[in-house]
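Please read the structure below before turning to the comments.
Below, each value reflects all heavy atoms present in this structure, side chains not excepted, and no hydrogens, waters or symmetry copies. Each ligand, and each atom within it, is numbered from 1 in the order the structure gives.
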Amino acid sequence: MTKTVLGIIGGSGFYNLPGIENAHWEKVMTPWGAPSDEILFAEIAGLPVRFLPRHGRGHPVPPSAINFRANIDALKRAGVTDLVSISACGSLREDLAPGHFVLVDQFVDRTFAREKSFFGPGLVAHVSVADPVSPLLVDAVAKAADAAGVVYTKGGTYLVMEGPQFSTRAESYLYRSWGMDVIGMTNMPEAKLAREAEICYATVAMVTDYDCWHDDHDDVDVASIIAVMKSNTEKAQRLVTRLAQDFPREHPECPIGSDRALDVAIITAPEARDASLVRKLDAVAGRVLGG
Ligand SMILES: CSC[C@H]1O[C@H](OP(=O)(O)O)[C@H](O)[C@@H]1O
Ligand SMILES: Nc1ncnc2[nH]cnc12
């Protein structure tokens, strides 16, 4: 059995963790460069927790400049088995009002200026992301939300745009016509990389605005987002505390194989592998590559 280490990636407005014990910030180096910030190593009710602010403390890192590979590699090196993303998002549905949380179960990745894989020339791998979130982790998040009194919807599709500008009105209408539920700029390639690194992943998408499609609401801007973000963040912090208190201390094996994704993904023959890339993958793929 593997001991659980719970990872939390804090998005916009979520730069620290309350209610923690034995905490310290630590710089974690990776072969992919520097993560967004140091990682906060801590415990909640005795459970090891690792927290990384996605945009860095003070929010200096924009979505397209996030080193997603370094972030996921660093969390893997820090022992994370189960990772929850906390994200601000726009709503593309009338019934998902600002303040509502969505436990996303699908993504549409419209990003185009990001490194999306740990693998590449010299070591080719194709993991499945048909089901990009890990069901047991989502269930645990839902239970924690219930216990923390947070209103949420289970299931929803998050469209990931490149940004940093918000959508045009035509884009917003288009994404609605596609049946997308919420929109943000960060959860891809994060979720894909978590799968490559065999870390169970789930997202709590916290609605801050109605993007620009809604006739009765102002178009989205940062000031209106910040106004909603504060109460969203307080609720998310309660949710995370409860999640950590109740989470199994032994990592529960993922029923869809998120934590064993590389068992069936690598296609490059051992003799054709690039030794330097294999070395870079020591944390992400050490379980299957050895070393
Ligand atoms: C400040 S609103 C736009 C910003 O917020 C979201 O980021 P995160 O998922 O890290 O909370 C959104 O994707 C944009 O990056
Ligand atoms: N409307 C929106 N579009 C993209 N990212 C967002 N983050 C919060 N609101 C957003």
Donor + acceptor pair across side chains of Lys116, Thr111 (<3.5 Å)
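Yes, side-chain donor-acceptor contact under 3.5 Å.
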
What atoms in ligand 1 come closer than 4.0 Å to a heavy atom of [X]?
{"X": "Gly184", "answer": "13 (O)"}
{"X": "Ser87", "answer": "8 (P), 9 (O), 11 (O)"}
{"X": "Gly11", "answer": "8 (P), 10 (O), 11 (O)"}

Do the side chains of [X] and [Y] get close enough for a salt bridge, i.e. N-O under 4.0 angstrom?
{"X": "Lys280", "Y": "Asp73", "answer": "no"}
{"X": "Lys230", "Y": "Glu234", "answer": "yes"}
{"X": "Arg287", "Y": "Asp263", "answer": "yes"}
{"X": "Asp139", "Y": "Lys143", "answer": "no"}
{"X": "Lys154", "Y": "Asp105", "answer": "no"}

Write out the residue and atom name of the closest protein heavy atom to [atom], then the distance separating them to 0.1 Å.
{"atom": "atom 10 (O) of ligand 1", "result": "His55 NE2, 2.5 Å"}
{"atom": "atom 12 (C) of ligand 1", "result": "Met185 N, 3.7 Å"}
{"atom": "atom 9 (O) of ligand 1", "result": "Thr186 OG1, 2.6 Å"}
{"atom": "atom 2 (S) of ligand 1", "result": "Ile225 CD1, 3.5 Å"}

Could you go through residues 47-54 and list every donor-acceptor pair under 3.5 Å that involves a side-chain atom there, pairing it with any protein atom two or more places apart or in another chain?
residue	atom	partner	partner atom	Å
Arg50	NE	Ala78	O	3.2
Arg54	NE	Glu190	OE1	2.9
Arg54	NH1	Ile86	O	3.4
Arg54	NH1	Ser87	OG	3.1
Arg54	NH2	Ser85	OG	2.9
Arg54	NH2	Glu190	OE1	3.4
Arg54	NH2	Glu190	OE2	2.7

Between Met229 and ligand 1, find which residue part has any heavy-atom pair under 4.0 Å and reply side chain, backbone, both or neither.
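It is neither part, as no heavy atom is under 4.0 Å.
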
Side chain, backbone, both or neither: which part of Arg54 has a heavy atom under 4.0 Å from ligand 1?
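For Arg54, the contact with ligand 1 is made by the side chain alone.
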
Geometry only, no angles: is [X] polar-contacting ligand 1 at N/O separations under 3.5 Å?
{"X": "Pro63", "result": "no"}
{"X": "Asn187", "result": "no"}
{"X": "Phe166", "result": "no"}

Answer yes or no: is there a donor N or O on one side and an acceptor on the other, between the side chain of Glu198 and the main chain of Ala261, under 3.5 Å?
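Yes.
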
Is there any protein N/O under 3.5 Å from an N/O of ligand 2, and what does the full list of such pairs look like?
residue	atom	partner	partner atom	Å
ligand 2	1 (N)	Asp209	OD1	2.8
ligand 2	1 (N)	Asp211	OD1	2.8
ligand 2	9 (N)	Gly90	N	3.2
ligand 2	9 (N)	Asp209	OD2	2.6

For Asp215, all residues meeting salt bridge (charged side-chain N to carboxylate O under 4.0 Å, His left out), sequence neighbours excluded:
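Scan of Asp215 (salt bridge (charged side-chain N to carboxylate O under 4.0 Å, His left out), adjacent residues dropped) gives none.
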
For Arg57, check salt bridge (charged side-chain N to carboxylate O under 4.0 Å, His left out) against everything at least two apart and list the hits.
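Result, salt bridge (charged side-chain N to carboxylate O under 4.0 Å, His left out) vs Arg57: Asp37, Glu38.
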
Against ligand 1, does Val222 come closer than 4.0 Å with any heavy atom?
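Distance cut 4.0 Å: Val222 fails for ligand 1.
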
Options Ser224, Cys89, Ser36, Ser12, ranked by nearest heavy atom to atom 7 (O) of ligand 1, top entry:
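Residue with the shortest heavy-atom distance to the ligand atom: Ser12.
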
Phe118 and Trp32 aromatic centres sub-6.0 Å:
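Phe118 vs Trp32: aromatic centres under 6.0 Å.
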
Nearest non-hydrogen partners of Ala265 and Val127, listed with the distance:
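Result for this residue pair: CB-CG1, 3.7 Å.
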
Using a 4.5 Å cut-off on heavy atoms from C-beta on, say whether the side chain of Pro63 contacts that of Glu162.
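A side-chain contact under 4.5 Å is absent here.
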
